[in-house]
Amino acid sequence: MKRGFFLGLLLAGAALFSGCGMLRGAAKLLDSEESRERFAERWSAFSEELHTEAERAFQSAELALPGAEEDFMTGGASLAAEGVRQIEVVWVSGGVEVSLHDGEEIVFSEESAGELSERDMLRYRVRDGKLTIACCAGRRASINLPEKRLTLRLPAALAPEEIEITLVSAELAMQDVQTEKIALTTVSGNLALRGLTAQKLAIETVSGEAVLAQCSVNRSISIDSVSGNASIQLPQEAAGFSVDFDSVSGVLQCARETARENGRQVYGDGSLIIDMDSVSGNLKIG
């Protein structure tokens with residue numbers, strides 16, 4: 001895997017991922033379509049059972065988070081954007097919304113249906129050009145947190161080098177953001193990405209769905225999934241793409257006419273590299 005699941009909590013998800021390549025290889029060796037279908041069915045049942053056990057573990061486990069250090073501040077804030085080159089968000093449940101605004105500062109806040117204790121409030125820090133936002137305090141904070149929604153507004157003129165967001169079950173809505181690299185990790189939270197501009201986009205998911213609409217990614221999109229589906233709606237003016245889809249039982253659907261070249265499906269000039277590895281997750285490109 002290109003990036004491991006964050007901290008110790010997601011070991012179950014990481015175990016699923018680590019076996020995907022071996023399982024896909026084994027599936028290719030089966031000598032009939034019927035054998036491959038039986039293999040996929042049994043693996044699907046196994047992965048669902050393992051995912052259920054992982055979710056149970058997540059509810060009772062403790063989660064190592066940034067935010068315990070003394071230099072982390074508590075609650076929402078408006079911060080100067082100058083000098084911020086990286087943004088990291090770690091959020092457990094509820095939702096995260098990232099978009100642009102006309103102001104000159106980075107503005108973020110959280111909302112919860114219930115009253116939050118001080119330990120359950122978000123923590124943030126800016127250090128060496130990196131803004132880190134964590135869902136709560138404590139190096140070993142309980143994952144059984146109240147559902148909260150984080151709203152993060154970035155100046156329209158800001159184009160950081162990297163945005164990294166790690167989720168458990170929280171949903172992510174991200175719109176119109178410009179950056180060099182986007183790295184997203186989720187267990188079951190869905191990802192809705194619209195109008196993003198980036199050089200590279202990397203996604204890791206267990207069962208969360210990923211929907212990309214009108215995103216201008218110039219170099220590469222990489223997706224690692226167990227059962228989560230991915231949908232990529234490219235801009236109409238996209239010059240081309242090259243797809244490598246590797247899955248046990250997932251299906252690739254492409255609305256644009258492609259040609260087979262060197263083991264990849266190629267459209268146009270093939271300049272955008274799209275790679276997806278999955279067990280049963282599907283990929284749709286429009």
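Excluded from the calculations below are hydrogen atoms, water molecules and symmetry mates; all remaining heavy atoms, backbone and side chain alike, are included. Residue numbers run from 1 in the order of the sequence given.
Residues satisfying the salt bridge (Lys or Arg N to Asp or Glu O under 4.0 Å) test with Arg149, not counting sequence neighbours, are none. Judged as a side chain to side chain donor-acceptor pair (under 3.5 Å), and not counting sequence neighbours, Thr197 has no contacts. With sequence neighbours excluded, the residues forming a side chain to side chain contact (heavy atoms under 4.5 Å, CB included) with Asp120 are Leu116, Ser117, Leu145, Pro146, listed by chain and number. When the side chain to side chain contact (heavy atoms under 4.5 Å, CB included) test is applied to Gln233, the partners found at least two apart in sequence or on another chain are Gln214. When the salt bridge (Lys or Arg N to Asp or Glu O under 4.0 Å) test is applied to Glu97, the partners found at least two apart in sequence or on another chain are Arg153. Remark: Lys130 pairs with Glu88 by the salt bridge (Lys or Arg N to Asp or Glu O under 4.0 Å) rule, at least two apart or across chains. Thr179 is linked by a side chain to side chain contact (heavy atoms under 4.5 Å, CB included) to Pro160, Ile163, Ile182, Ala198, counting only residues two or more places apart in sequence or in another chain. Legend: residues meeting ring-ring contact (aromatic ring centres under 6.0 Å, His included) with Phe245, ordered by chain and number and at least two apart, are absent.
Under the 4.5 Å side-chain contact rule for hydrophobic residues, Ile273 and Leu234 do not share a cluster. At a threshold of 4.5 Å between side-chain heavy atoms, the hydrophobic network of Ile, Leu, Val, Met, Phe, Trp and Tyr places Ile165 and Val126 in one connected group. Follow the hydrophobic side-chain contacts under 4.5 Å out from Val107 and you never reach Met174; the two are in separate clusters. In the hydrophobic clustering of ILVMFWY residues, with side-chain heavy atoms under 4.5 Å counting as a link, Ile274 and Val266 come out apart. No single ILVMFWY cluster, assembled from side-chain heavy atoms under 4.5 Å apart, contains both Val251 and Val248.
With Arg219 contributing its side chain and Val217 its backbone, the two residues share no donor-acceptor pair below 3.5 Å.
Atoms OG and CG, from Ser280 and Asn229 in turn, are 7.5 Å apart once rounded to the nearest 0.5 Å.
Side chain to side chain, Ser247 and Ser278 meet the donor-acceptor criterion of an N or O pair below 3.5 Å.
A pairwise comparison of heavy atoms in Ser225 and Val206 identifies OG-O, 4.1 Å as the closest pair. Taking every heavy atom of both residues into account, Leu193 and Leu201 meet most closely at CD1-CD2, 4.2 Å. Summarising the geometry of Leu196 relative to Asp176, their closest heavy-atom pair is CD2-N, 3.8 Å, with the distance given to 0.1 Å.
Residue pairs meeting the side-chain hydrogen bond (donor to acceptor under 3.5 Å, both in side chains) criterion with at least one partner in residues 102-114, sequence neighbours excluded, are Glu110-Lys148. Applying the ring pair (Phe, Tyr, Trp, His ring centres under 6.0 Å) test to pairs two or more places apart or on separate chains, none has a residue in residues 163-214. Residue pairs meeting the side-chain hydrogen bond (donor to acceptor under 3.5 Å, both in side chains) criterion with at least one member in residues 261-273, sequence neighbours excluded: Ser242-Arg264, Thr258-Gln265, Arg264-Asp275, Asp269-Ser271.
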Side-chain donor-acceptor pairs of residues 75-85 under 3.5 Å, sequence neighbours excluded:
unit_1	atom_1	unit_2	atom_2	d
Arg85	NH2	Asp128	O	2.9

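Tested against Thr166, the residues Val92, Thr185, Val89 include a single side-chain contact (heavy atoms from CB on, under 4.5 Å) partner, Thr185.
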